[in-house]
Amino acid sequence: MKRLGINIDHVATLRNARGESHPDIIEIAKIVKKSGADSITVHLREDRRHIKDHDLKMLCKKNFFINLEIASNLKMMKIAIKNKPKFVCLVPEKRNEITTEGGINLKKNYRLIKKIIKKLNQNKIRTSLFIDPTINNLMLSKKIGTNCVELHTGKISRLIKNKKKYKKEFLKIQKCAIFGTKNNIEIHAGHGLDYKTAKILSKISHITEYNIGHFVIGESIKIGISKVIQKFKKTIK
Ligand code: PXP
C-alpha cells in the first residue's frame, strides 16, 4: 500500500495571518487523519513562520502520525527528541526561501547529519533525508544510515506543469528509487505534487510514500469555498 502524508504548514500560515486560532491546526489534523491520510507533515522552521512549537507539542501529544521536517542542526534535533514524532525528515533550510528549494547537501554536512540520524534512530524515530534524486546522494544516504529518503520532485513537477519534456527526470527518479530500495532505503517523494504529477510518479512502484502540501490546501479551498458560502447565505437569511 502506498502511503500519503499531508503537509499542513499552510493551514498555520493562514491562521498566523490573523494571529488568532482559526483555522485550528488540531481540528484540521483530525480531518486529515479521518480522510485517510497516513501521516501529517509539519515543518518547524527556524523562523517559525508557520508551525509553532506549541503546534508540534500538541500534535505529538495527541498521537497523530507526525512527520516532522527540521533543519539539520543539534538544536532542532533536541526539539524533535523532546516531542517524539513518529518520523523526522531532515531538510535544507534557508531563511529567505519561499519553500524548500532543492535537497539537502549531504556531502557538505555529512558528519553532522550522520550524528543527528544516529541519535534519532536511537530514539526510535524513523529517519528520512530530503535529497535531490542522484545515485551519489543515495550512496551517501546509505552510509549515513537513514531509514528513508524523500526524493525532491520539484524539478519533474515543474517540467510537467510547464508541458516540457520530463522523461529524463522521470528515469532519474526511477533509477534512484530502484537503487535505494535495493539498498534497504525506503523511498518517498515530495514537493510540487498535484494530481497529474502524483499520477505520473505513481508508475514508479518503488516509491512508497508521497508527501503533499501546497496543492492539497489550495485545492481544498477551491472545492470547499462553495459549501461555506452556501452556509453563510443560510445563516444571514
Ligand atoms: N516534502 C518536503 C520535504 C517538503 O519540505 C515539502 C514542503 O516544502 C513538501 C514535501 C511538500 O511540498 P508541496 O507543498 O510543494 O506539496
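Whatever order the structure lists ligands and atoms in, that order sets their numbers, starting from 1. Any value given below was found using the heavy atoms of this structure, including those in side chains, with hydrogens, waters and symmetry copies removed.
Taken from CD in Glu169 to CG in Leu159, the straight-line distance is 6.5 Å, to the nearest 0.5 Å.
Proximity of His43 to ligand 1, defined as any heavy-atom pair under 4.0 Å, is not found for any part of the residue. Within the 4.0 Å heavy-atom criterion, the part of Glu150 lying near ligand 1 is the side chain and not the backbone.
Below 4.0 Å from some heavy atom of Gly213 lie the following atoms of ligand 1, by number and element: 11 (C), 13 (P), 14 (O), 16 (O). Residue Val91 approaches ligand 1 through these ligand atoms, each under 4.0 Å from one of its heavy atoms: 3 (C). Near His214, with a cut-off below 4.0 Å to any heavy atom, the atoms of ligand 1 are 13 (P), 14 (O), 16 (O).
Ring geometry, Phe130 versus His152: the interplanar angle falls under 30°, so the pair is classed parallel (tilted spans 30 to 60°).
Assignment of Phe215 to the shell around ligand 1 is not supported, since no heavy atom sits closer than 4.0 Å.
In this structure, of His188, Arg45, Glu69, the residue bringing a heavy atom nearest to atom 6 (C) of ligand 1 is Glu69.
Polar contact check, Asn7 against ligand 1: no nitrogen or oxygen pair lies under 3.5 Å apart. Any N or O atom pair closer than 3.5 Å counts here, and Gly190 shares no such pair with ligand 1.
Contact of the Ile8 side chain with the Thr41 side chain is not registered, since no non-hydrogen atoms from C-beta on lie closer than 4.5 Å.
Using a 4.0 Å cut-off between charged side-chain N and carboxylate O, Lys196 and Asp194 make no salt bridge. A salt bridge links Arg126 to Glu209: one of the charged nitrogens lies within less than 4.0 Å of a carboxylate oxygen.
Through direct or relayed side-chain contacts under 4.5 Å between Ile, Leu, Val, Met, Phe, Trp and Tyr, Phe232 connects to Val228.
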